[in-house]
Structures are given as C-alpha cells and as structure tokens.
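Sequence lines set the chain letters: A, B, ... in the order given, protein chains first and strands last, and positions in each chain run from 1.
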Amino acid sequence: MIPETFEYKRSSDLDQTLGYLADSSGEAVLLAGGHSLIPQLKLRSHSPKLLLDITDIIELSGIEFTEGSIRIGATTRHCELLSHAELHREWPIFQEIAKKIGDVQIRNRGTIGGSIACTRPTNEWLACLMVLDATIELQSRTGRRSVAANDWVTNHSTNVLRLDELIVAVVIPRNSTNIKCGYAKLPHPASGAAVAAVVTVASAQRGIINCVRIAATGVSASPFRASILEEALSGLPIDEIDINEITNLLTNGVLVLQDSYASATYREHIAAVQASRSLSVCFNRLRG
Amino acid sequence: MKTEQRDATTNRYIGDSSIRSEDPRFLRGEGNYVDNIKLPSMAFSGLVRSSHAHARIVSIDLEKALELPGVIAILTASSLGPNNALVHPNWLVGDISVPNHYLLARDKVHYVGDAIAFVIAESREVVEDAKALVRVRYELLNAIIDERTASQMPSIHENVAQNLAGVFDLNNGDYDAAKIEADHSLQLTLKNNRLIPSPIEPRALLASVETSTGKTTLHISTQVPHLHKRWIAETLGWSENKIRIISPDIGGGFGAKMHLYVEDLLVCIAAKKLKRPIKWTETRSESHLSTHHGRAHTQEIEVAFNKDGLLLGMSVYIYANLGAYISNMATGIPTVNCLGYASGTYNVPAFKGHVDLLLTNTVPVDAYRGAGRPEAAYIAERVIDRVARYLKLDPLEVRRKNIVQHFPAKVGLGEYDSGSFYEALDSASNFIGYKNWRQQQAEAKRSDRLIGIGISSYSEVCGVGPSWLMPFVGFDRGGYESAQIRVHPDGKVTFATGSMPQGQGHATSYAQIVATELCIPFEHVEVKYGDTDLVPIGIGTYNSRSMAVGGSAAYYCAQKIVKKATNIAALLMESEPSDVIYSEGVFQSIVPGVNKHITFADVARVASRGHTLPPGEQPGLEETFIYDPAGMSSPNGCHIVVIEVEPQTGAVTILEYVAVDDAGTLINPMLAEGQIHGGVAQGIGQAMLEEVVYTDDGQLLSSSLQEYALPKSTSIPWIQGSFLSTPTATNPLGAKGIGEAGCIGAPPAIVNAVCDALSLDHIDMPLTPPRIWQAIQEAEIGGGSL
Amino acid sequence: MNNEPTRLDVDGKITVLLGVEPRKLLVYTLRDDLDVTSVNIGCDTSQCGACTVEIEGESVKSCNVLTVQAHDAKISTAAGLAIGQALNDLQKAFQNNHAVQCGYCTPGMLISAKALLRDNDTPSENDVREALKGNLCRCTGYQNIVKAVLEAASTMHSNTRTV
C-alpha cells in the first residue's frame with residue numbers, strides 16, 4: 001500500500017500549473033485534498049508520472065457571492081461547505097450533504113473539485129450540482145470553458161474533463177426564488193459511501209410545484225437526474241402527492257447497480273425510499 | 001475439583017476498580033508496538049501472494065524484481081529448498097488428515113493470499129515495487145468455497161480425500177428414541193458467518209540474529225510468546241535456547257495472534273541467512289488475506305421437545321470450513337469448543353452431534369474471540385427461541401423450564417462447574433423490564449412499529465486444563481501458567497507472568513493480586529511479560545484464562561514468598577514461624593512478651609544479604625510457581641436486547657441492551673466491564689455488520705475495510721451491565737473468564753430479537769438492512785403478515 | 001526524487017528533511033524518519049483513523065497525506081498533548097473511565113476528541129459518537145471512550161467557567 005514513484009510539483013501560480021499540465025501529455029494528475037487520488041495511488045490502480053499540487057492556488061479556493069451566482073472554488077473542502085453559514089442561508093443542502101460525507105478527518109481534506117473530477121457512482125456533490133443547475137468552470141492553457149453539471153458525465157463513469165484541464169470552480173445560482181431542498185442518504189456500513197442518496201430542490205406557488213429537480217447517487221454507474229419523476233411531480237399540488245408511490249419512478253429507465261452488500265432490487269427500493277425522504281423534507285420546507 | 005480458596009476477607013486490591021497503571025504510557029503515545037522498533041541495518045520484507053484461489057504454479061519469474069536497486073533477496077520454495085518447512089497445527093482432535101502446508105507454496109496455491117515469494121529489500125517502498133515486478137504464471141484449477149458441497153468436490157490436497165480432514169462425533173443418550181418420544185421436532189439450518197478478527201494493530205514481526213551467539217530474537221505481536229518460541233524451534237529444527245521472543249505492546253489479538261504463521265518463520269530464516277534484522281508488517285488489506293478468519297460454519301440442527309416446551313433431545317451436524325490448510329487450533333474449535341457446548345445452558349437429555357472438518361480454497365479459519373463457544377451458544381439460543389415460537393410460548397419461560405440449575409452439570413466432554421444460569425435470566429429480565437417491554441411491543445405493533453426482544457443465555461468453559469487431560473482432546477500443549485515474584489532488597493516487587501495482554505490490563509490486574517497477597521502497596525509491584533528470556537515458562541493469553549489460571553499462579557507464588565518471608569521474620573524475632581502473623585506489610589510475633597515486629601522491606605533486605613537466614617533457606621526472596629488448573633470454570637450470563645426494525649429500509653436500531661454476566665470473583669470490575677463492552681461490540685459486529693464474502697471462484701470481495709464493516713462509534717449502543725458472582729471452586733481466586741463472554745452472548749440475542757420483531761423462524765447473520773428487507777418481502781409474499 | 005527540502009513542525013519540533021520521495025506518506029515519515037511512533041497505522045484505506053494527527057489545527061488521517069504536502073505545516077500529535085509529566089484533562093478522563101485497552105487506536109482517538117472539544121465544549125453523546133466515527137476501536141466497544149470524552153468536556157467546561 002505504497003504508491004509507485006512520481007514527481008511532485010507545487011505551485012501557487014495557476015498559469016504555471018496549467019503549463020505543467022499541458023506539457024505533461026496526459027501523465028500529470030492534480031492533487032488537492034488527495035482523498036480520492038491518494039487511495040488510488042496506494043492501491044496502485046492509478047500511476048501518474050507527475051502530481052501537481054494545486055492547494056496553494058488562491059484562485060481555486062473560497063466561496064464568493066455575486067449578484068446572480070455563488071462561486072465555489074474547486075479546492076473548497078467538505079468541512080468548509082459544512083460550516084459556511086452564508087451559503088447555508090440560501091442552500092442548506094450543502095450542510096446536509098457535507099455532514100454525511102465520510103468522517104471529520106476526511107471532510108477536513110477532501111474537496112468539492114476533487115470529488116467531481118473523479119466521477120464515482122457514489123458522488124454526492126455532483127448530484128447536488130445537477131439539481132442546482134450548476135456550471136463547472138474549467139481552464140486549460142488554451143482557455144476557459146464552462147460545462148453544465150448536468151452535462152458533466154459522459155458515458156457513465158467518464159466525464160468531460162480533459163487531461164490538460166483543471167476545475168476552477170463550480171458556479172451555482174443565488175436562491176432568489178425561495179427554492180427549498182431535501183436530502184437523504186443510506187451509507188454503506190464500511191465505506192460510508194452512498195448505497196443510495198437523493199437530492200431534491202423544488203419551489204412551489206400556492207401549493208403547486210412549479211419547479212422540481214431530483215438527482216440520485218450511489219444507485220447507478222453515475223449520479224443521474226430523475227427526469228421521469230421530476231416530470232410527474234411538476235404541476236402537482238404538494239398536499240395531494242402520494243410520495244411513497246410516486247418515487248417508484250425514480251429509477252425508471254436506469255440500470256441499477258448491485259454488489260455483495262445490496263442487490264439491484266434492494267437498491268432500487270431503497271433509492272425510492274431515500275427519494276421519498278428527500279422529497280418529504282423538501283415539501284415540508286415548502287409548506288413552511 | 002475443589003481447591004483451597006483464598007480468604008476473601010483480606011481483599012485489599014482484589015475487587016477494586018483500580019485505574020490502569022499502563023494507561024499513561026499509551027495516553028502519551030508511548031505504546032511500544034513491534035513496528036515502532038528499529039534496529040541498525042534493518043531490512044524490510046513482504047510477500048507475493050497468490051491471486052488465485054486454486055492453481056498450479058507454472059513459473060515464478062524474479063528477474064525484473066531482482067534487478068531493482070534496493071532488493072536484497074527474494075525467497076521462494078525452490079530457493080528455500082530443505083528450509084521450506086511444514087507448518088504444523090497444535091491441536092488435532094481425533095484422526096486428522098493434515099495437508100502439507102509449506103512456508104512458501106511449492107507447486108500449487110490453495111487460496112487467494114497463499115504465500116509464494118518472500119521479498120526482502122532496503123525500504124518499505126522497494127519491497128512494494130519488487131512485489132509488483134514478480135511474475136507468477138498459473139494454471140487455474142476449480143476452486144471450492146462452500147463447506148456444504150466441499151466433500152463432493154475433487155480433493156484440493158492429495159492426502160485429504162473428499163476434502164474431509166476429519167470428523168468428530170459426540171453422543172449422549174439416545175436422540176432417535178427421544179425424537180420418537182417427543183411431541184414435536186423441528187429443523188433449523190444456521191450459517192455462522194465467516195469473520196475477520198481485525199485487531200487494529202495488524203500483525204508485525206522483527207527478527208534479528210546475534211552473529212556472535214547465533215541467537216535469534218523475534219519481536220512479534222503474539223498472544224503466546226512461549227508457544228511461539230517452541231513452535232519456531234520445532235518447525236525450523238533450531239535450538240530453543242537460541243530463540244528469544246519479545247512481545248512488546250500488542251494492539252489487540254482476539255485469537256488472531258495466537259497461531260503460527262508462515263511469516264513468523266520466514267523473517268527468522270531471512271534474518272539468519274542475510275545476517276540482518278528483518279521487519280515484516282502486515283497491511284490491513286493484506287491481513288484480510290493472510291490473518292486467519294473465524295467462525296464459518298453451516299449447522300444443521302434438529303430439536304425434539306414436548307408441547308410444554310421441555311427439550312428432550314438435539315441433533316447437530318456441523319459443516320466446519322477450515323479453509324485451505326489446518327491452522328493451529330482449527331480442528332478443536334468446531335468440535336470440542338462448539339459441538340461440545342451446543343446444548344448451551346439447557347438440560348438436553350439426548351444429544352447426537354457430528355462435525356465434518358472441511359478444507360476449501362479460502363483463508364484458513366481458526367480461533368476468533370470465543371472460538372467455538374459463540375457458534376455453540378448461537379445453536380442453543382436459536383433452537384430454544386425456535387421452540388418457543390413454534391409453541392407460541394414466552395421464550396423466557398421456555399428457557400426457565402429447561403435451564404441447568406444443578407452444578408456441576410455435565411456438558412459435552414466436560415462440565416459446568418458452577419453458575420447462576422437461572423438467576424441471570426431473572427436478573428437480566430428484571431433489569432431491562434422484560435414484562436414492560438412486552439407490553440410496549442404489543443402497543444407498538446398496533447401502530448405498525450416492529451419491536452423485538454431477544455434473550456440469550458450463555459455459558460462457556462474456559463481456562464483450559466488440567467494439563468494431563470489436554471492430550472486426550474488432542475492438544476499439544478499444557479494448560480498451566482507461570483508466575484514469578486522477585487522481591488528486591490528494598491521490598492519492591494517485580495512480577496513476571498507467562499500470560500500476555502493484548503489490551504486486557506494485566507499490568508494492573510496482576511499487580512492487584514500480588515499486592516493483595518503480599519500485603520504491600522499496589523504501586524510497589526511492577527508486572528512483566530512478553531519476553532521469553534525474562535519469563536521462564538508460560539502459555540499465554542487466550543480462552544479467557546489469564547485471571548483464572550495466571551492469576552492463581554500469582555496467588556500461590558505470593559503464598560510461597562510470604563511463607564519464606566515469615567520464616568526469616570520468625571528467626572529475626574526469635575519466634576517460631578507459627579507464632580508470626582503477617583498483615584499490612586508487617587510481621588509480628590504473637591509470643592507473649594515478645595513485642596517485636598519487622599516490615600516486609602526489612603525481611604527483603606535481610607534475605608538479599610543472606611547473613612541471617614533460617615537453616616536450609618537460600619538467600620534472596622524470589623519464587624516461581626507454575627499453576628496447573630484443577631479444572632475449568634464456567635462463566636455465564638444473560639443478555640437481553642430490545643430492537644426496532646424499520647420495515648421500509650430493513651434497518652435495525654438497538655433500543656436497549658442489557659448484559660448480566662457472572663465471572664465469579666472479579667479482580668477488577670472496571671476492566672471486566674470493559675471486556676464485556678468490547679465483546680458485545682464484536683458480537684454486534686457479527687450479528688449486524690461483519691461477513692466475509694467470496695466470489696464463486698474464490699476471490700475475496702471483503703478485501704479491505706471499505707467492504708468489511710467493523711463496528712464504528714455510531715454503530716454500538718450504550719451497553720448496560722451488571723455482574724452476578726458465583727465464584728468457582730476450581731481455583732483459589734474463584735475467578736472465571738470474562739474476555740469472551742460478550743461476543744458469545746450478543747449475536748443470538750440480536751438475531752432472536754429481530755426474529756421476534758418480524759415473526760420469522762430464522763434469518764442468517766449479518767442482519768444488514770438489505771437482508772432484513774429481503775426477509776420481510778419473502779414473508780409478505782409467503783402470505784405472512786407482520 | 002524531490003530536491004526541495006521538506007520542513008515539518010511536529011509538536012513544536014522543527015525538522016528539515018532532504019530528498020523526501022514524493023510518494024512517501026506522512027505517516028511513514030513521522031514513524032520511520034522522525035520516530036513519532038504514537039501515530040499508528042491500522043488500515044490502508046482511510047477507515048481506521050489510528051494515524052490521525054492535526055495539521056494546522058485540523059484532524060487529518062496521515063496515511064492519506066503525502067509528506068511533501070505537509071511541507072511548512074504545523075503538525076500536532078497525541079505525543080504533544082501532555083503538559084510535561086502531567087496528563088491533560090482529556091487524557092486523565094481516558095484513564096479514569098478505562099477508555100484504553102490495547103492502546104493502538106488511542107492516540108488517534110485523543111486527537112479526534114480534542115478536535116471535537118475545541119469546537120464544542122458541551123457535546124452530546126451523539127456528537128461524540130459522530131466525531132469519533134473516523135476512528136475504529138476493536139477493544140472497547142467505544143462506550144468508555146465516549147464516557148471519557150463527555151467527562152473531559154464537562155471538566156474543561158467547568159474549568160473555563162471558574163477561570
């Protein structure tokens with residue numbers, strides 16, 4: 001459980017880092033909290049030639065509020081997302097998700113950018129960003145681009161991040177229309193990763209749902225938006241929804257994972273249960 | 001088997017919840033575990049292990065690995081040649097076909113993790129790099145995983161026909177007649193899930209050889225230093241006086257660190273060959289493949305009983321999965337330790353038992369905390385609950401009806417010497433408010449809440465001995481323990497024991513016994529263990545034996561010291577020894593008119609000078625006592641748990657857990673309670689979380705702590721406990737064992753509670769939410785309603 | 001090979017290491033090179049927390065940090081908790097409540113408990129259990145550790161009030 005050898009460079013200069021990345025012809029990997037990467041290095045399932053430590057790059061850290069959006073730097077750690085009162089006033093979901101990630105020590109190191117960069121099937125932050133219609137800002141030596149969180153995953157476990165790019169930040173909208181959220185997660189007893197977790201955001205007008213977005217993680221090869229369930233819910237009066245019934249739509253058309261802990265049948269069921277719980281929390285908040 | 005009992009009116013420190021004297025060291029981060037130790041010119045080592053469960057080795061290519069700078073040597077079966085010794089088990093019950101277990105695999109590998117090549121290099125990093133460069137080519141063979149079908153498959157080892165290493169039968173009375181006579185009979189199949197013991201310190205070794213003397217010193221995280229010394233000498237044909245075992249602090253053992261492993265021998269061979277100290281430290285994920293697993297039984301049971309719940313007979317057939325080789329105590333656990341106690345705490349007039357000891361392509365299975373007794377209690381407690389459920393009787397009442405109340409009581413190959421089986425049922429049910437919970441359960445059911453109450457009554461027999469009896473059950477060791485007391489000239493004491501703590505707090509509990517018996521302050525006793533050059537002889541710590549056996553050795557050793565000191569004091573006070581009384585550290589003459597007294601320290605000083613001694617007495621105040629137990633003792637207890645199942649998810653929440661335990665005289669109740677907490681937590685782990693999972697081709701899916709779920713701080717409830725006290729007459733302290741009780745009592749209590757909540761006949765461990773949910777679905781489909 | 005010196009401040013003792021291999025995990029540097037053996041290794045997948053140390057005042061599993069990442073950082077370990085010969089309140093509470101059995105998880109537990117008590121001087125039982133979730137103990141069933149942390153919290157709380 002010792003990584004193979006690699007080179008290590010640490011720079012506080014974004015451009016310099018992007019230069020190293022571009023010059024490495026795909027042999028370099030970025031290192032921030034290291035809580036996704038270092039376990040892979042120890043297992044030797046990933047053996048890059050060069051690690052570029054981006055912790056010191058100031059542009060990549062911090063949470064900024066502008067008129068229309070909130071910008072969360074890629075190296076913002078889970079613990080910061082857990083304790084950021086200003087962020088929670090608009091989006092308490094960040095606190096609720098962060099609280100259930102790993103344990104204290106892991107939250108003190110792991111970053112939001114790192115967890116998005118390696119798109120695991122159990123990724124909570126990506127599910128969160130998907131329902132918030134976030135954009136992910138990427139930069140390479142040749143320029144910047146933004147990708148919608150909902151377009152992040154290509155072909156299941158791979159994502160649009162190029163080998164010469166880094167994640168600069170994720171940008172979420174301000175919560176100006178009083179959107180409410182809900183979150184529920186069943187963790188694996190050993191790893192703590194989601195066996196199933198569901199994030200919901202919704203708004204309502206006079207008791208009628210006018211916008212609802214739901215994403216599930218841990219359930220399939222990558223986090224996904226439950227579009228069939230969303231469609232079924234929108235336009236319904238909150239108080240007339242049979243939540244336990246309707247959430248059976250969550251995994252419609254989705255290939256559900258199975259492993260030695262949970263069968264596909266159980267996971268499908270429990271995902272619907274998490275969806276019900278996530279929706280209940282969200283709807284209760286909508287009711288005020 | 002009664003022995004002289006100590007006078008409990010002079011308890012002083014015995015029975016005190018003294019805080020541990022070893023703690024400050026650990027709390028300062030000064031624990032001294034094997035991997036902390038560094039020696040000059042030390043090299044590191046690691047094993048290339050089989051990645052297949054069953055395969056012929058076609059070739060091993062070391063070339064690339066040997067070219068790597070920093071690689072010192074790589075040992076394989078062929079380079080070891082005649083040194084590729086066979087590892088032998090130490091407990092063979094009956095006529096056992098023992099397969100060849102070489103240090104390094106010769107032509108075949110038998111499980112994922114089987115040792116193939118031993119890499120020695122200058123650093124931990126180079127060891128890992130070199131391991132990755134060793135190329136092994138295999139020719140794959142079919143793997144056998146499941147113990148139930150193993151005997152119908154082709155033999156894994158040439159000399160073990162049908163993969164059946166041996167069988168064991170135990171019959172008392174006529175079960176078949178009992179079955180005919182009985183009103184009812186029921187069958188039950190139980191899986192006792194395979195577990196990974198998981199001490200938080202993985203195994204670690206550091207071997208060095210002193211060139212001038214040829215003496216090998218092995219630092220090893222072991223529960224049994226003296227046995228390890230003997231085993232290494234025997235296996236390698238080395239002189240035992242040229243081997244020293246040092247066990248510094250041990251970061252947990254739970255049975256996993258009491259076997260002879262190939263790594264123990266390989267580091268010694270390499271150190272001698274390379275003339276350098278060799279360190280080997282297991283990684284956690286590696287330990288899942290290289291440290292022996294526990295439990296792993298399938299048990300088929302039939303019980304015959306009358307309509308009032310009275311048991312008439314039991315038939316038990318155990319398929320015991322021993323893994324790929326026969327480990328140290330492997331054959332004794334499913335047989336003597338499990339089948340022998342499968343009737344639990346109940347009177348079972350007719351018993352028919354059989355064990356198949358089966359080899360499979362899995363990690364060898366051996367003792368893990370409880371070692372057979374948890375598997376046995378699980379049988380008895382599931383059976384009694386099943387009977388109660390069948391007859392729609394209260395499980396507490398069915399237990400009362402059948403429980404053993406007269407002692408000694410014959411069980412299996414031995415007996416329960418004494419106990420409070422019935423009282424423990426009462427005590428635990430009163431403690432938890434059993435009747436009240438039954439009412440609450442009924443009320444909850446009306447609002448569709450599923451509450452379950454599970455009872456578990458257990459006993460075990462521990463402190464194995466006497467030694468003369470042990471060969472009759474196939475043990476190649478004794479059941480004694482040693483104590484040595486050295487009184488320094490200032491009256492301070494160094495006490496040495498052959499037992500070996502792994503967290504039990506021996507530095508404190510032994511000091512309590514010795515200080516009590518010598519009537520000196522607790523602080524004046526320093527406790528030593530874990531060095532075979534310091535402790536003359538010993539067995540070690542397992543089988544909940546340290547206080548009962550080692551503690552008795554300490555007691556008798558102290559008596560010898562007091563006797564000699566009394567003789568010296570008598571001479572100094574010009575009195576007869578019979579006229580000298582000793583209390584509170586002072587010898588006093590009771591001869592009328594002789595108003596003399598002398599302190600323990602003064603006697604020690606006189607003894608060390610040797611100037612004035614009674615005729616025939618040797619100078620010094622130092623004694624050794626090796627205590628061989630007259631018999632084994634039977635701690636017992638009753639655990640009751642109340643749980644709630646969330647039907648939607650299958651999640652179980654423990655609402656209340658009560659443990660009432662009786663281990664006779666407790667030397668230190670606080671430490672005993674700590675043993676209960678830890679044992680119960682491991683029992684809850686078995687019942688709710690832990691399970692080793694193999695694929696059909698023998699790959700271990702539970703390959704790290706990401707998959708294998710150990711209990712976390714958030715998974716264990718508050719455990720409420722109390723103690724009963726039925727001292728045993730088999731040793732002078734009246735102490736029984738406590739170390740394994742918790743993990744024996746907990747699993748059936750929890751499974752019984754879940755079956756109670758869901759009205760299920762049975763559900764196999766671990767009771768994970770997916771498994772419970774599945775059971776609920778099946779019950780509903782089957783037409784049952786919850 | 002890394003040619004930059006790596007400067008570590010461990011419990012106030014500063015060491016400058018030359019030629020640290022970038023792949024070297026902090027826990028091995030602490031244990032093997034700096035002799036800080038209170039930091040234990042119990043797993044290889046960041047589950048057990050036996051290697052927990054504080055880096056810049058935050059608890060971290062040192063088996064999941066490269067030594068070079070900790071350059072210039074202030075690291076605190078359980079070995080730095082005691083005040084001279086005297087155990088601190090947390091350590092005393094561990095001893096008084098029999099929260100130590102084999103001792104292997106203890107240094108990591110102490111660091112996690114310390115981190116909790118810094119942020120929350122009146123934790124509930126549940127707060128303590130949540131805070132220790134990243135530290136596995138196989139001996140104690142956690143109960144006496146939880147008890148100890150709760151007792152330390154109340155001692156430290158009343159000490160602060162009296163001051």
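Contact annotation for B:R124: only side-chain heavy atoms (C-beta onward) come within less than 4.5 Å of a heavy atom of chain C. Neither the backbone nor the side chain of C:L81 comes within less than 4.5 Å of any heavy atom of chain B. If you measure heavy-atom distances from B:L705 to chain C, the contacts under 4.5 Å come from both the backbone and the side chain. Contact annotation for C:N135: neither backbone nor side-chain heavy atoms come within less than 4.5 Å of a heavy atom of chain B. Using a 4.5 Å cut-off between heavy atoms, C:I41 contacts chain B through its backbone alone, with no side-chain atom that close. In this structure, the portion of C:V146 lying under 4.5 Å from any heavy atom of chain B is its side chain and not its backbone. Using a 4.5 Å cut-off between heavy atoms, C:D35 touches chain B through backbone and side chain atoms alike. Both the backbone and the side chain of B:T283 have a heavy atom closer than 4.5 Å to some heavy atom of chain C. Proximity to chain C (any heavy atom under 4.5 Å) is shown, for B:E282, by neither the backbone nor the side chain. Using a 4.5 Å cut-off between heavy atoms, B:P501 makes no contact with chain C at all.
The shortest non-hydrogen separation linking B:G251 to B:P199 is O-CB, 3.6 Å. The nearest pair of heavy atoms linking C:H157 to C:T122 is CE1-CG2, 3.6 Å. Here the closest heavy-atom approach between residue B:R20 and residue B:G503 is recorded as NH1-O, 2.9 Å. The minimum heavy-atom distance between B:Y368 and B:G294, with the atom names listed, is CB-CA, 3.9 Å. Nearest heavy-atom pair across C:I111 and C:S59 is CG2-CB, 4.2 Å. Residues B:Q223 and B:Y542 approach most closely at NE2-CB, 4.1 Å, considering heavy atoms.
Comparing B:W718, B:F26, B:F254 by heavy-atom pairs within less than 4.5 Å of chain C, the highest count is held by B:W718. If you tally non-hydrogen atom pairs under 4.5 Å between each of C:K133, C:Q91, C:Q143 and chain B, the highest count goes to C:Q143. When the candidates C:A79, C:G80, C:G134 are compared by the number of heavy-atom contacts under 4.5 Å with chain B, C:A79 comes out ahead. Top candidate by heavy-atom pairs under 4.5 Å with chain C, chosen from B:G252, B:S17, B:G505, B:P24, is B:P24. Here B:L671 is the residue among B:I250, B:D249, B:L671 with the most heavy-atom pairs under 4.5 Å with chain C. Per-residue counts of heavy-atom pairs under 4.5 Å with chain C were compared for B:G29, B:G253, B:S713, B:G742; the largest is that of B:S713.
Between the side chains of B:Q706 and B:S704, no donor-acceptor pair of N or O atoms lies under 3.5 Å. B:S221 and B:E201 share a side-chain donor-acceptor pair at under 3.5 Å. Side-chain contact annotation: B:T541 with B:Y529, donor-acceptor N/O pair under 3.5 Å absent. One side chain, C:D44 or B:S285, offers a donor N or O that lies under 3.5 Å from an acceptor on the other.
Looking at C:L25, C:V27, C:I55 one by one, the single match for side-chain contact (heavy atoms from CB on, under 4.5 Å) with C:V65 turns out to be C:I55.
Contacts of residues 30-39 of chain B with chain C at a heavy-atom distance below 4.5 Å involve B:Y33, B:D35, B:N36, B:K38, listed in sequence order. Contacts between residues 95-109 of chain C and chain B, counted as heavy-atom pairs separated by less than 4.5 Å, involve C:Q95, C:N96, C:H98, C:V100, C:Q101, C:C102, C:G103, C:Y104, C:T106, C:P107. Residues of residues 678-688 of chain B lying under 4.5 angstrom from chain C, judged on non-hydrogen atoms, are B:G678, B:A681, B:Q682 by number.
Using a 4.0 Å cut-off between charged side-chain N and carboxylate O, B:E690 and C:R138 make a salt bridge. Ionic pairing of C:D32 and B:K279 is not present here: no N-O contact between side-chain nitrogen and carboxylate oxygen is shorter than 4.0 angstrom.
With hydrogens and angles ignored, the 3.5 Å screen pairs no side-chain donor or acceptor of B:R369 with any backbone N or O of B:E740. For the pair B:Q720 (side chain) and B:E656 (backbone), a donor-acceptor distance under 3.5 Å is absent. Side chain of B:D16 to main chain of B:S18: no donor-acceptor pair is present (N/O by atom type, distance under 3.5 Å, no hydrogens or angles). Judged by distance alone, with hydrogens and angles left aside, the side-chain atoms of C:Y142 form no donor-acceptor pair with the main-chain N or O of B:S715 at under 3.5 Å.
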Run the salt bridge (charged side-chain N to carboxylate O under 4.0 Å, His left out) check on C:R118 and C:E54 step by step: do they pass?
-> CA-CA 12 Å; C:R118 192 177 33 225; C:E54 279 187 335; 2.8 Å; yes
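Looking at heavy atoms from C-beta onward, C:Y28 lies out of side-chain contact with C:T67 at the 4.5 angstrom threshold. Looking at C:L90 and C:K114, their side chains come closer than 4.5 Å, going by heavy atoms from C-beta outward.
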Would you be so kind as to tabulate the donor-acceptor pairs closer than 3.5 Å made by side chains of residues 8-20 of chain C, with sequence neighbours excluded?
{"from": "C:D9", "atom 1": "OD1", "to": "C:G12", "atom 2": "N", "distance (Å)": "2.9"}
{"from": "C:D11", "atom 1": "OD1", "to": "C:T77", "atom 2": "N", "distance (Å)": "2.7"}
{"from": "C:D11", "atom 1": "OD2", "to": "C:T77", "atom 2": "OG1", "distance (Å)": "2.5"}

